[in-house]
S.K.: 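There's a structure below that I have some questions on.
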Amino acid sequence: MFEMEHIQRAAHGSRATVCRPLNLFINSADCQVAGFAVATIGWILSIMSMGLVEWRVWYLNSTSSSLPSLACVGMWKVCLYHHTSYFNRPTSCHLYTYRDTYLPVSIHVGQHLLLAASILGLLGKVSIIFKLRNMFMRIPLRKGICHPFVVSGILNMAAGTCLLIAVIGNYNSMKNEEGISFPPSFHIPFKPDTQERGNAMLVASLAVFMMMLSGLFHLAYKCPLQNQVHPEDFKV
């Protein structure tokens, strides 16, 4: 009986020994700086995914050299490539507008989600900068001073969720072979012969991982207890 209790206490002590350094790291300023750096990288990647056009790569089996043989369908524009260009530079690009009725719902929703992700990520960065400034300047803690970490974590998680929904929506559109009725002047068919995922989806997926990881860093932070009263302080 005593041996079992001794084994249980030893196991509990070993777990506490392992968890204590992890808790100290999570609640340290270094961890929050690392979370800020991860959030910054994720936010930059999300902005890059907005500018990239390779969300969907359409291969068009056109025999004429005057017709495009490849089209990159992005969230904000579509770019066409011909055989003579060796796919190095697009021969023409067409920007979307909010008045374009030919765009499917998935692209319209993706545009709003990417915009929301960039704004939420920026607000999360501002919140964490405010908190880190207070930590390194050793400004005395006041009631609610840890809220910027929580707010930043929530904003980063929300930004990552928006990006994730945009990536999943684009993937489902490709999986269901959703066509797009581009204007006849674009010389793009309703559906491609074959298609594949582009680099923009990979960049957006990395941004999702970074934003989620940063959000977990900030949400796991706990305020250090100051002016904590210990029973031994009252001993005479």
Side-chain angles (χ1 to χ4, degrees), residues 38-122 159-213:
V38 171
T40 302
I41 296 174
W43 183 70
I44 293 174
L45 290 176
S46 67
I47 298 297
M48 289 177 58
S49 66
M50 290 179 59
L52 292 176
V53 71
E54 296 89 358
W55 281 84
R56 311 180 198 178
V57 180
W58 286 14
Y59 293 96
L60 314 174
N61 293 331
S62 58
T63 57
S64 176
S65 60
S66 61
L67 297 177
S69 55
L70 184 142
C72 291
V73 182
M75 291 294 180
W76 304 99
K77 63 182 178 180
V78 57
C79 290
L80 308 178
Y81 298 79
H82 290 73
H83 284 296
T84 56
S85 65
Y86 299 99
F87 302 152
N88 290 328
R89 292 183 179 180
T91 56
S92 61
C93 290
H94 304 278
L95 293 173
Y96 307 147
T97 64
Y98 285 105
R99 294 173 294 179
D100 292 335
T101 57
Y102 61 85
L103 293 176
V105 178
S106 60
I107 290 184
H108 282 298
V109 173
Q111 290 175 345
H112 290 87
L113 289 173
L114 290 177
L115 284 175
S118 62
I119 295 173
L120 291 172
L122 179 61
T161 303
C162 291
L163 286 170
L164 180 61
I165 296 174
V167 171
I168 294 176
N170 187 75
Y171 175 77
N172 288 334
S173 298
M174 296 179 59
K175 183 179 179 180
N176 298 329
E177 297 183 354
E178 181 185 77
I180 303 176
S181 299
F182 287 107
S185 59
F186 290 7
H187 302 290
I188 303 176
F190 179 70
K191 289 184 178 181
D193 298 292
T194 57
Q195 63 177 330
E196 65 180 14
R197 296 184 296 272
N199 295 330
M201 287 190 64
L202 176 61
V203 174
S205 299
L206 291 175
V208 171
F209 175 76
M210 294 291 185
M211 299 302 289
M212 292 293 188
L213 182 61

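In this chain, residues are counted from 1 in sequence order.
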S.K.: What pair of heavy atoms forms the shortest contact from S205 to V167, and how long is it?
M.R.: OG-CG1, 3.9 Å
S.K.: Taking all heavy atoms of M75 and all of L114, pick out the closest pair and write down the distance.
M.R.: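 Closest approach of M75 to L114: CG-CD1, 3.7 Å.
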S.K.: Among N170, V57, L103, V78, exactly one meets side-chain contact (heavy atoms from CB on, under 4.5 Å) together with V73. Which residue is that?
M.R.: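 Running side-chain contact (heavy atoms from CB on, under 4.5 Å) over N170, V57, L103, V78 with V73 returns exactly one hit, V78.
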S.K.: Atom NE2 of residue position H112 - does it have more than 12 heavy atoms of other residues, nucleotides or ligands inside 6.0 Å?
M.R.: no
S.K.: What closest approach, in Å, do L60 and P189 show between heavy atoms, and which atom pair accounts for it?
M.R.: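 L60 and P189 have their closest heavy atoms at CD2-CG, 3.7 Å.
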S.K.: How far apart are the closest heavy atoms of M50 and W76, and which atoms are they?
M.R.: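 Looking at all heavy atoms of both residues, the shortest contact is O-CD1, 3.0 Å.
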S.K.: Within the 3.5 Å criterion, strictly below it, is a donor on E196 or Y59 matched to an acceptor on the partner's side chain?
M.R.: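 Short answer, yes.
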S.K.: Under the side-chain contact (heavy atoms from CB on, under 4.5 Å) criterion, do I180 and W58 qualify, and how do the steps go?
M.R.: CA-CA 11 Å; I180 303 176; W58 286 14; 4.1 Å; yes
S.K.: Could you go through the side-chain contact (heavy atoms from CB on, under 4.5 Å) check for S185 and H94 one step at a time?
M.R.: CA-CA 10 Å; S185 59; H94 304 278; 5.7 Å; no
S.K.: Calculate, to the nearest 0.5 Å, the distance between atoms NZ and OG belonging to K191 and S181 respectively.
M.R.: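 These two atoms lie 10.5 Å from each other.
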S.K.: Of the non-hydrogen atoms in K77 and C93, which two are nearest, and what is the gap between them?
M.R.: CD-CB, 4.5 Å
S.K.: Which atoms form the tightest heavy-atom contact between V38 and M210, and what is the distance?
M.R.: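 So the two residues come closest at CG1-O, 3.2 Å.
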S.K.: Go through the steps for M211 and S46 under the test side-chain contact (heavy atoms from CB on, under 4.5 Å), then give the verdict.
M.R.: CA-CA 9 Å; M211 299 302 289; S46 67; 5.7 Å; no
S.K.: Does atom OH of Y96 have more than 12 heavy-atom neighbours, drawn from other residues, nucleotides or ligands, at distances under 6.0 Å?
M.R.: yes
S.K.: Could you walk me through whether W55 and S49 pass the side-chain contact (heavy atoms from CB on, under 4.5 Å) test, one step at a time?
M.R.: CA-CA 9 Å; W55 281 84; S49 66; 4.1 Å; yes
S.K.: Mind checking the CG-CD1 spacing from L206 to I44? Nearest 0.5 Å is all I need.
M.R.: 13.5 Å
S.K.: Checking D100 side chain against T97 main chain: does a donor-acceptor pair fall under 3.5 Å?
M.R.: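 Yes; judged by distance alone, with no hydrogens or angles, the pair exists.
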